[in-house]
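Single-structure report; data block below.
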Amino acid sequence: MKQLISNLKGDKGIWSFVALLALFSFMPVFSASSNLAYLGHGTGNTLGYLVKHLAHICIGFLIIYGVHRVPYHYFRAISKVALPVVWILLLYTLVKGTVIAGANASRWIQVPFIGISFQTSTLASVVLFIFVARYLSKSREIPITFKASLWELWAPVFFTLILILPANFSTTALIFAMILMLVFIGKYPLKYIGIIIGSGILFLAFFVLLSKAFPESRFFSRVQTWESRIENFSTDKPDEDDYQIEKAKIAIASGKIYGLGPGKSVQKNFLPQSSSDFIYAIIVEEYGLIGGFGVLVLYLLLLFRFVVASHKANTIFGKLVVIGLGFPMIFQAMINMAVAVELLPVTGQTLPLISSGGSSIWMTCFALGIIISVTKKDEEIEQEQKDAAKREEALNKLIDAELASEDVALDDYSIEDTAVNPMNAVLNK
């Protein structure tokens with residue numbers, strides 16, 4: 001174990017908080033999966049779901065370990081090559097997407113010969129954030145012009161978001177908001193950001209109008225769901241989403257301060273997606289306000305470590321990568337919690353590292369591996385500087401010791417001639 005821990009490079013705080021969140025996830029996932037177990041095979045045995053979650057977490061940590069050993073600047077070039085691959089996957093998802101667990105959206109694709117479902121938008125978000133960070137770090141060398149950035153930056157961004165939007169509005173909105181935050185921190189001109197925000201709103205309005213013109217099109221099938229969720233959130237009109245929120249609020253109210261205890265949730269049997277989208281409500285029901293607040297604190301501490309890692313990064317690209325990959329995780333967690341307490345409409349965003357699911361966990365771990373790689377590079381540079389200082393100090397001590405020994409030798413050696421001069425007899429006369 002000590003040997004394994006010694007091989008973990010990078011920010012130990014990030015490693016610790018990620019491990020704590022992952023370890024804690026087993027208890028609520030094991031408890032909340034009973035609903036899926038009854039629907040799946042009618043026995044209520046959740047052991048299979050727990051083993052599956054264990055496999056997802058173990059693979060996720062293997063991903064973190066493997067990625068964090070890769071120098072993070074390699075991903076700078078990879079992002080440009082990976083973006084067209086992501087577009088192909090997103091197009092394929094729109095055409096051949098699979099409905100998972102009753103979700104009314106084609107967001108997943110089946111991996112051939114393995115049978116694993118993969119949500120392509122999670123991969124697209126990671127690649128897109130790295131791509132934006134690459135552009136912003138490169139543009140520091142030359143002044144940014146809107147015309148150039150429109151084709152080099154925003155055209156790829158909008159094309160990617162257009163491919164995600166029909167199936168997943170909440171993910172599209174989250175990615176767009178995080179990119180705006182990233183370009184603002186990257187000192188992209190504020191007046192250009194305003195133009196981009198306006199263009200995004202106009203395009204969304206145009207997309208909704210097209211859905212009205214072609215209501216039977218599969219491409220616009222989710223628009224009605226978006227409208228109903230917003231309407232129900234603002235008017236409290238009862239529907240399926242309102243049922244989910246009501247059960248979530250009952251679970252939170254039942255938890256009180258200390259909770260009902262691990263595995264003693266009642267609403268997990270009635271709340272759809274209790275092990276993924278609404279797992280925070282189950283956490284509060286079983287572990288009370290203390291447990292819910294503890295999970296929130298862990299995410300905030302992880303956010304703090306991201307800020308520290310970004311501050312310590314020795315390159316602009318490293319700083320932007322940490323912000324672009326780290327902040328969306330925390331923002332997504334806050335959205336999940338806000339939905340559970342009805343501060344936001346139902347979005348379908350999972351709780352990172354805690355909710356069950358394969359692709360979401362793996363892509364979160366992939367992003368964490370890149371972030372830790374940035375911190376590992378900083379540690380390596382700092383260690384090299386310490387080693388160089390030690391070598392210089394040792395060399396100075398060696399030189400001082402050599403000079404001291406030479407001084408002693410010179411003191412022992414005298415140039416005064418004490419021998420008897422054979423001419424003294426003559427000279428004395």
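Atom CG of L301 is separated from atom CD1 of I14 by 12.0 Å, given to the nearest 0.5 angstrom. The CD1 atom of I370 sits 4.5 Å away from the CZ atom of F75 when rounded to the nearest 0.5 Å. To the nearest 0.5 angstrom, F17 atom CZ is 13.0 Å from L353 atom CG. Here I245 contributes atom CD1 and L271 contributes atom CG; the two are 9.0 Å apart, rounded to the nearest 0.5 Å. The structure places CD1 of I57 at 11.0 Å from CH2 of W362, a figure rounded to the nearest 0.5 Å. Expressed to the nearest 0.5 Å, how far CG of L128 lies from CG of L161 amounts to 6.0 Å.
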### Message
side-chain hydrogen bond (donor to acceptor under 3.5 Å, both in side chains), that's the test. Do Y74 and S373 meet it? Break it down for me.
### Response
CA-CA 11 Å; Y74 285 7; S373 177; over 6 Å; no
### Message
Assess the residue pair L174 and S170 against the criterion (side-chain contact (heavy atoms from CB on, under 4.5 Å)); give the C-alpha distance rounded to whole Å, side-chain angles, the decisive distance to 0.1 Å, and a yes or no.
### Response
CA-CA 6 Å; L174 174 62; S170 61; over 6 Å; no
### Test log, rule side-chain contact (heavy atoms from CB on, under 4.5 Å), inputs V183 and Y135
CA-CA 10 Å; V183 296; Y135 175 83; over 6 Å; no
#### Entry: Worked verdict on I59 versus I63 for side-chain contact (heavy atoms from CB on, under 4.5 Å)
CA-CA 6 Å; I59 294 173; I63 292 173; 4.1 Å; yes
### Worked verdict on V374 versus F317 for side-chain contact (heavy atoms from CB on, under 4.5 Å)
CA-CA 10 Å; V374 176; F317 177 69; over 6 Å; no
### Query
Where do S356 and S275 land on the side-chain hydrogen bond (donor to acceptor under 3.5 Å, both in side chains) test, with the steps shown first?
CA-CA 6 Å; S356 62; S275 63; 3.2 Å; yes
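By the 4.5 Å heavy-atom criterion applied to side chains, M337 and L351 are counted as neighbours. Residues F30 and L54 fail the side-chain proximity criterion, which asks for heavy atoms closer than 4.5 Å. Side-chain contact between F278 and I282 is absent, with no heavy-atom pair separated by less than 4.5 Å. In this structure, the side chains of S137 and R76 come closer than 4.5 Å at one or more pairs of heavy atoms. Within the 4.5 Å cutoff, the side chain of Q244 has no heavy atoms near those of the D277 side chain. Two residues are said to be in side-chain contact when any heavy atoms from C-beta on lie closer than 4.5 Å; T171 and Q349 meet this criterion. Annotation: side chain of T375 is not in contact with side chain of K312 (no heavy-atom distance under 4.5 Å). Taking 4.5 Å as the limit, some side-chain heavy atom of V157 sits within range of a side-chain heavy atom of W154.
Within the structure, every pair that satisfies the salt bridge (Lys or Arg N to Asp or Glu O under 4.0 Å) test and touches residues 248-268, not counting sequence neighbours, is listed here: E246-K249, K249-E342.
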Can I get a per-line list of side-chain donor-acceptor pairs under 3.5 Å for residues 318-334, giving both atom names and the distance, sequence neighbours left out?
unit_1	atom_1	unit_2	atom_2	d
K319	NZ	S310	O	3.2
K319	NZ	H311	O	3.0
K319	NZ	A313	O	3.0
Q332	NE2	T350	O	3.0
Q332	NE2	T350	OG1	3.1

Kindly list each side-chain donor-acceptor pair under 3.5 angstrom involving residues 119-126, sequence neighbours excluded, with atom names and distances?
unit_1	atom_1	unit_2	atom_2	d
Q119	NE2	S121	OG	3.4
T120	OG1	T93	OG1	3.0
T122	OG1	Q119	O	2.6
S125	OG	T122	O	2.7

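Taking all atoms of both residues into account, the shortest heavy-atom contact from S274 to A32 is OG-O, 2.9 Å. Between A22 and S25, the shortest heavy-atom distance links the atoms O-OG, 2.5 Å. The nearest pair of heavy atoms linking V81 to P84 is O-CD, 3.2 Å. Contact detail for V284 and G292: the closest heavy-atom pair is CG2-CA, 4.0 Å. Residues A340 and A248 approach most closely at O-CB, 3.7 Å, considering heavy atoms. Closest of all the heavy-atom pairs between S265 and N269 is O-ND2, 4.4 Å.
Dense packing is recorded around CZ of F26, with more than 12 heavy atoms of other residues, nucleotides or ligands lying under 6.0 Å away. By the neighbour-count criterion of 12 heavy atoms within 6.0 Å, atom CD1 of I257 is sparsely surrounded, having that number or fewer from other residues, nucleotides or ligands.
Y287 and F24 have their aromatic ring centers within a separation under 6.0 angstrom.
Residues forming a side chain to side chain contact (heavy atoms under 4.5 Å, CB included) with L91 (at least two apart in sequence, or on another chain): L163. Taking K212 as the reference, E227 meet the side-chain hydrogen bond (donor to acceptor under 3.5 Å, both in side chains) condition, with sequence neighbours excluded. Residues forming a side chain to side chain contact (heavy atoms under 4.5 Å, CB included) with F146 (at least two apart in sequence, or on another chain): S149, L150, Y188, Y192, I195, I196.
Aromatic ring orientation, F176 versus F158: tilted (interplanar angle from 30° to 60°).
When only modelled atom types and interatomic distance are considered, R305 and S16 share no side-chain donor-acceptor pair under 3.5 Å.
Judged by distance alone, with hydrogens and angles left aside, the side-chain atoms of E286 form no donor-acceptor pair with the main-chain N or O of P28 at under 3.5 Å. Within the 3.5 Å criterion, the main-chain N or O of V29 finds no donor-acceptor partner in the side chain of Y49. The backbone N or O of R69 sits nowhere less than 3.5 Å from a side-chain atom of K9 that would complete a donor-acceptor pair.
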